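Bear in mind the structure is a predicted one, so any value in this text is a computation, not a measurement. Here, residue 1 is the first one in the sequence, and each next residue gets the next number.
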Amino acid sequence: MENIKWLWGLMDKKYHKWHIIALCISAITSLMLLINPTLTSTMVDKVFPTAPGAVPQFDLLIPILLAMLAIRILREGMRYFMIVCMEKSSQNVIYNLRVRLFTRLQYQDTRFFDRNRTGDLMTRMSADTDWCRHFLSYIDFQAIDSVVMFLSTSIYLFWVNWQLALALVLVTPILMLITKIYSKGVRKLFMGMRERQSEMNAAAQENIAANRVIKAFAREEHEKESFDGKSDAFRNAHLSINKRWLTFFPFIEILANAMTLITLFFGGFLLIQTNMGGESIWAPLTLGQLQIFTSLSWALSVPMRQLGNLLNDWQRFITCSNKVMELEMSRADIVDAPDAQSRGKVKGGIEFRNVSFAHDKQDVLTDVSFKVEPGQTLAIMGPTGSGKTTIIQLLSRCYEVKSGAILVDGCDVRRWKLQELRDGIGTATQDVFLFSDTVEGNIAFGDQSLTEDEVKDFAYRAAAGDFITHLSDGYDTIVGERGVGLSGGQKQRIALARALAVKPGILVMDDTTSAVDMETEQFIQQQLRQLPYDCTKVIIAQRISSVKDADQILILQDGRIAERGTHEELLRNRGYYWETYCLQNGIDATKEAM
């Protein structure tokens with residue numbers, strides 16, 4: 001019931017009454033199924049009587065037929081209106097749910113996406129949410145139909161002839177026992193099938209995203225076999241559920257068909273006893289009343305037949321809705337602190353005080369301390385895995401520090417409002433993601449108010465203006481997903497222009513010029529020194545040419561600061577920086593050391 005209450009809460013209030021009206025119509029139209037069999041019984045007993053001496057009342061034939069037609073048309077019209085109400089309310093819920101899920105994803109922490117696979121999240125956003133809609137548009141009214149139909153028919157038939165009705169209803173306890181046996185363990189099967197579906201979707205998503213890598217290594221056949229295995233596991237999970245249902249389906253069908261046989265044999269027996277006359281322990285039954293039983297026996301058997309399908313749908317709804325609820329109710333760990341205050345634009349002061357950080361219990365940074373004044377340039381170098389990128393992720397609070405503190409403009413980042421803090425940090429990374437939008441749209445992504453001239457100015461400063469003008473539609477050229485159609489260097493320059501365009505107080509460049517030539521890099525560095533606004537620059541790079549003009553250079557090794565200083569000071573230290581300098585300039589470090 002918790003799942004239903006949660007879904008109901010997602011529905012706009014104006015749709016609540018329409019959904020309740022639809023459910024009431026479902027119950028009323030189920031009750032209306034009793035009318036036509038009653039009219040048929042009247043027609044059999046009065047218009048075409050079989051009792052000796054009975055006078056046919058042919059004047060009732062046309063009114064009865066017209067009434068039956070009117071009831072059928074009215075019922076179908078009401079069912080049509082019910083379906084419209086159901087669809088409107090269920091579509092309202094699915095719309096609200098998807099908006100809330102997408103919003104929830106937008107504000108999740110980076111660690112959340114580290115833990116969850118994209119394919120699984122897409123399954124929750126699509127297939128799982130659709131099962132939530134399916135409950136509101138189908139399962140709930142079918143359940144009401146079945147319950148009302150079974151109960152009302154049973155009561156009515158007991159009123160007509162309690163002995164024949166009792167014989168029909170006696171099969172119900174057997175059905176309930178079969179249902180209980182079937183439902184035991186079926187939820188676990190649905191959960192297993194849901195996991196196999198998620199794994200299959202995740203594999204498909206990864207292969208689509210990594211299609212170039214797969215082709216480069218000619219691994220198409222291997223990936224096909226891997227996906228076949230996951231698809232086969234999903235199929236087998238589906239088959240396991242179907243096999244379990246098919247094990248019980250014949251028993252349900254036999255019980256449902258038994259009602260027809262009971263009606264024919266026992267009803268025929270009662271009819272004979274009635275026509276024989278005299279005293280009898282058997283309740284009298286007319287031909288018209290027998291017609292009611294033959295007409296409504298299906299109203300008892302159909303709910304039985306539907307019971308298994310409804311149980312399947314219910315278990316799948318519970319499984320899928322639990323997954324969706326888990327996502328919808330998840331909350332980000334990194335949020336604005338209660339005492340966070342608006343501090344305006346970031347000016348660019350940065351200070352790390354004894355910062356340590358661990359990722360999955362593995363230390364990444366240990367006791368890192370440094371300070372950068374507004375407007376200065378900080379460069380960070382070090383071997384792969386030394387923690388360079390982690391520093392900038394901590395700066396923008398993508399992760400929280402394990403110990404120590406990070407200050408921006410003299411205030412702990414945990415007391416900044418996240419929106420203001422991240423608005424003041426422009427980031428361009430080596431791993432560039434461009435949206436399926438125009439080049440201009442990608443550059444202006446962080447500030448939609450930019451004019452066309454401003455976009456072109458920042459593209460020029462990022463050394464992107466020349467190649468953009470030579471694209472098929474210039475700045476209006478649609479960039480393929482993830483920048484397909486552009487070289488690595490071109491994507492990096494568009495990403496740098498995007499970072500510059502937000503006019504940040506802190507500009508972070510993580511290997512931003514690794515894919516451009518030396519001449520282009522020198523041009524970019526010159527433009528960075530002439531920006532039309534003040535900002536602190538944090539440069540992560542492996543090229544000496546990219547960092548040598550920095551006010552302070554940090555060398556990270558194993559998560560610790562091994563060296564720090566200016567270009568000249570680090571050359572005199574003869575450490576990692578000096579060795580890298582010698583390597584990149586063709587100098588024999590061993591001879592120089594001598």
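- Applying the ring pair (Phe, Tyr, Trp, His ring centres under 6.0 Å) criterion to F150, with sequence neighbours excluded, gives no partner residue.
- Using a 4.5 Å heavy-atom threshold, the side chains of I21 and M82 count as separate.
- Annotation: salt bridge (Lys or Arg N to Asp or Glu O under 4.0 Å) contacts involving residues 497-506, sequence neighbours excluded, comprise E454-K503.
- Applying the ring pair (Phe, Tyr, Trp, His ring centres under 6.0 Å) rule to F445 yields the partners F435; only residues at least two apart in sequence or on another chain are considered.
- One finds the CD1 atom of I506 at 5.0 Å from the CG atom of L395 (value rounded to the nearest 0.5 Å).
- Evaluation of the side chain to side chain donor-acceptor pair (under 3.5 Å) rule for R111 yields no partner, not counting sequence neighbours.
- Side-chain atoms of D109 come within 3.5 Å of backbone N or O of D333 as a donor-acceptor pair.
- Listed by chain and residue number, nothing satisfies the side chain to side chain donor-acceptor pair (under 3.5 Å) test with E2 (two or more places apart in sequence, or in another chain).
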Residues 5-13, side-chain donor-acceptor partners within the protein, below 3.5 Å, at least two apart:
from : atom 1 : to   : atom 2 : distance (Å)
W6   : NE1    : E328 : OE1    : 3.3
D12  : OD1    : N96  : ND2    : 3.1
D12  : OD2    : N92  : ND2    : 2.9

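- Counted within 6.0 Å of NZ on K17, heavy atoms from surrounding residues, nucleotides or ligands total 12 or fewer; the atom is thus considered open.
- Dense packing is recorded around CE of M68, with more than 12 heavy atoms of other residues, nucleotides or ligands lying under 6.0 Å away.
- The side chain to side chain contact (heavy atoms under 4.5 Å, CB included) test applied to V169 returns S154, F158, T172, not counting sequence neighbours.
- In terms of heavy-atom proximity, K230 sits nearest to E199 at CD-O, 3.6 Å.
- Between the OG atom in S295 and the CG atom in N36 there is a gap of 9.0 Å [rounded to 0.5 Å].
- One distance of note links CE of M149 with OG1 of T29; it measures 8.5 Å at 0.5 Å rounding.
- A salt bridge links R235 with D232; the closest basic N to acidic carboxylate O contact falls under 4.0 Å.
- Identified under the salt bridge (Lys or Arg N to Asp or Glu O under 4.0 Å) test for residues 406-418, with sequence neighbours left out: D339-R415, D412-R414.
- Atom OH of Y533 has more than 12 neighbouring heavy atoms from other residues, nucleotides or ligands inside a 6.0 Å radius.
- Screening residues 142-152 for salt bridge (Lys or Arg N to Asp or Glu O under 4.0 Å), with sequence neighbours left out, gives R79-D145.
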#### Entry: Intermediate values then yes/no, side-chain contact (heavy atoms from CB on, under 4.5 Å), N207 and F227
CA-CA 9 Å; N207 274 262; F227 182 80; 5.7 Å; no

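- Taking CG of L39 as the start and CD1 of I71 as the end, the distance is 7.0 Å to the nearest 0.5 Å.
- One finds the OG atom of S231 at 10.5 Å from the NZ atom of K224 (value rounded to the nearest 0.5 Å).
- Listed by chain and residue number, nothing satisfies the ring pair (Phe, Tyr, Trp, His ring centres under 6.0 Å) test with F458 (two or more places apart in sequence, or in another chain).
- Every side chain to side chain donor-acceptor pair (under 3.5 Å) that Y399 has, sequence neighbours left out, goes to D114.
- Ring geometry, W314 versus F317: the interplanar angle falls from 30° to 60°, so the pair is classed tilted.
- Note that CG of N116 and CD of Q108 are 8.0 Å apart. Values are rounded to the nearest 0.5 Å.
- Residues forming a ring pair (Phe, Tyr, Trp, His ring centres under 6.0 Å) with W131 (at least two apart in sequence, or on another chain): H134.
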